[in-house]
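Treat the numbers as computed from the prediction; the structure is a model and nothing was measured.
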Amino acid sequence: MKKVIIETEKLKKVLENVKNGTSKEEFRPVFTGIFIEIENLELTMTTCDGYKIFTDSCNIVGGNNFKVVVPVFKIPKSAEKQTIIEVYNDFITFNYGQEKYSYKIIEGEFIDWKPLFKKENTFSIIFNSKYLQDALKNEKGEIHLEFSDNRSPVFINGRKLVLPIVHNN
């Protein structure tokens, strides 16, 4: 049996950030679930629907390393401050204190996503999310963003928009 203790608020945050990236297509069962990996006191959840990948991580209080794919789960409002996650045979159990839920582990190999997230020769662009949402409000389909330098406006689908941004090299 493998066991992990995690702060429930951290678990909620990571789950919220990845759960919408799962697939609804049953012919690829591992994509309908959440890949949970515990390694070196860090929990990472990753989802993939075949087109996009969502991943997020947080520290855990303690426990064993493991990798499993589980169905999308919910955290009850009555959950205590710490959640105990246990993996035994083909099942994973989330113990929230007064409530405990078990799920059958989804069989199959999850995509090797880590090479896709290697950061080589990268830079970051920071947008004010409200301004970016406003700029994209009426856009449909693909979005083409063009950047010249850290002082120029951003072109979204060929139209010049001045968005407060910061480029970090």
Side-chain angles (χ1 to χ4, degrees), residues 1-122 124-127 129 132-133 136-145 157:
M1 177 177 63
K2 306 283 184 169
K3 180 178 175 180
V4 166
I5 300 170
I6 184 169
E7 292 174 31
T8 304
E9 284 305 313
K10 288 182 179 182
L11 182 64
K12 278 183 191 177
K13 179 186 163 286
V14 173
L15 177 62
E16 278 300 312
N17 288 338
V18 303
K19 72 180 183 182
N20 293 324
T22 59
S23 176
K24 307 297 181 233
E25 299 171 358
E26 295 293 327
F27 68 91
R28 295 184 290 196
V30 294
F31 287 171
T32 64
I34 300 170
F35 178 59
I36 297 177
E37 180 177 16
I38 309 291
E39 190 173 70
N40 301 324
L41 296 177
E42 182 176 69
L43 175 140
T44 301
M45 288 189 194
T46 307
T47 57
C48 179
D49 68 358
Y51 302 98
K52 61 187 178 295
I53 296 174
F54 293 1
T55 189
D56 197 8
S57 302
C58 69
N59 293 329
I60 62 171
V61 175
N64 310 103
N65 293 344
F66 63 83
K67 298 177 187 181
V68 294
V69 180
V70 302
V72 177
F73 59 95
K74 292 184 179 182
I75 300 172
K77 291 180 181 179
S78 64
E80 293 183 5
K81 289 186 179 191
Q82 290 187 335
T83 298
I84 299 171
I85 303 171
E86 295 175 316
V87 175
Y88 186 74
N89 291 335
D90 296 339
F91 290 89
I92 187 166
T93 301
F94 295 86
N95 184 340
Y96 302 108
Q98 296 190 15
E99 296 186 53
K100 194 179 203 182
Y101 298 98
S102 293
Y103 304 90
K104 183 159 177 41
I105 293 171
I106 299 172
E107 294 182 31
E109 286 291 317
F110 198 80
I111 187 171
D112 184 14
W113 61 273
K114 288 181 182 177
L116 302 172
F117 282 73
K118 284 189 176 175
K119 293 184 177 184
E120 297 174 4
N121 301 321
T122 63
S124 62
I125 300 170
I126 302 166
F127 289 92
S129 62
L132 183 60
Q133 287 172 348
L136 297 175
K137 190 181 300 181
N138 295 319
E139 299 297 328
K140 305 282 186 225
E142 291 183 356
I143 305 296
H144 182 194
L145 301 177
N157 289 345

remark   = Of all heavy-atom pairs linking Ile60 and Ile38, the shortest is CD1-CG2, 3.6 Å
query = How long is the span from the CD atom in Glu80 to the CD atom in Glu99, to the nearest 0.5 Å?
reply = 10.0 Å
ask   = Should we say atom NZ of Lys114 is surrounded by more than 12 heavy atoms from elsewhere, each under 6.0 Å from it?
value = yes
inquiry  = Once rounded to the nearest 0.5 Å, what's the spacing between atom SG of Cys48 and atom CG of Leu116?
reply    = 9.0 Å
inquiry  = Is any side-chain heavy atom of Thr47 closer than 4.5 Å to one of Ile53?
reply    = no
message = Just to verify, what does Lys3 make a salt bridge (charged side-chain N to carboxylate O under 4.0 Å, His left out) with, not counting sequence neighbours?
response = none
ask   = Is there side-chain contact between Glu37 and Leu43, with at least one heavy-atom pair below 4.5 Å?
value = no
key: Sub-4.5 Å side-chain heavy-atom contact between Trp113 and Thr55   = yes
query = Does NZ in Lys52 sit with more than 12 non-hydrogen atoms of other residues, nucleotides or ligands closer than 6.0 Å?
reply = yes
query = Taking C-beta and beyond as the side chain, do Tyr101 and Pro76 meet within less than 4.5 Å on heavy atoms?
reply = yes
inquiry  = For a quick check under 3.5 Å, do Gln98 and Tyr96 share a side-chain donor-acceptor pair by atom type?
reply    = no
task = Please name the pair of heavy atoms, one in Ile106 and one in Pro71, separated by the smallest distance, quoted to 0.1 Å.
result = CD1-N, 3.8 Å
inquiry  = Once you measure the plane-to-plane angle for Phe94 and Tyr103, does it fall in the parallel (<30°), tilted (30-60°) or perpendicular (>60°) bin?
reply    = perpendicular
ask   = Does any non-hydrogen side-chain atom of Asp56 lie less than 4.5 Å from one of Thr44?
value = no
Atom pairs and distances, side-chain donor-acceptor, residues 81-93, under 3.5 Å, sequence neighbours left out:
residue : atom : partner : partner atom : Å
Thr83   : OG1  : Thr8    : OG1          : 2.7
Thr93   : OG1  : Ser102  : OG           : 2.7

query = Under a 4.5 Å cut-off applied to non-hydrogen side-chain atoms, are Ile36 and Val69 in contact?
reply = no
message = If I compare all heavy atoms of Phe110 with all of Thr46, which pair ends up nearest, and what's the gap?
response = CZ-O, 3.6 Å
query = Which heavy-atom pair separates Glu107 from Val30 by the least distance, and what is that distance?
reply = O-CG1, 3.4 Å
message = salt bridge (charged side-chain N to carboxylate O under 4.0 Å, His left out), that's the test. Do Lys13 and Glu7 meet it? Break it down for me.
response = CA-CA 10 Å; Lys13 179 186 163 286; Glu7 292 174 31; over 6 Å; no
ask   = So, for Gly63 and Leu41, which heavy atoms are closest and what is the spacing to 0.1 Å?
value = N-CD2, 4.2 Å
remark   = Between Phe66 and Val4, the two heavy atoms sitting closest are CE2-CG2, 3.4 Å
task = With sequence neighbours left out, write down each residue that passes side-chain hydrogen bond (donor to acceptor under 3.5 Å, both in side chains) with Lys12, or none if nothing qualifies.
result = Glu9
key: Spatial distance of atom NZ (Lys67) from atom CD1 (Ile105) [nearest 0.5 Å]   = 14.0 Å
inquiry  = A quick test of your reading: do over 12 heavy atoms of other residues, nucleotides or ligands sit less than 6.0 Å from NZ of Lys74?
reply    = no
query = Just checking, is any N or O donor in the side chain of Glu25 or Thr32 under 3.5 Å from an acceptor N or O on the other one?
reply = no
task = Apply the test side chain to side chain contact (heavy atoms under 4.5 Å, CB included) to residues Val61 and Ile6: give CA-CA distance (whole Å), side-chain angles for both, the deciding distance (0.1 Å), then the verdict.
result = CA-CA 5 Å; Val61 175; Ile6 184 169; 5.7 Å; no
Phe117 atom CZ, over 12 foreign heavy atoms within 6.0 Å = yes
query = For the atom pair CZ (Phe27) and CZ (Phe31), what is the distance rounded to the nearest 0.5 Å?
reply = 9.5 Å
query = Any side-chain heavy-atom pair from Asp49 and Lys24 closer than 4.5 angstrom?
reply = no
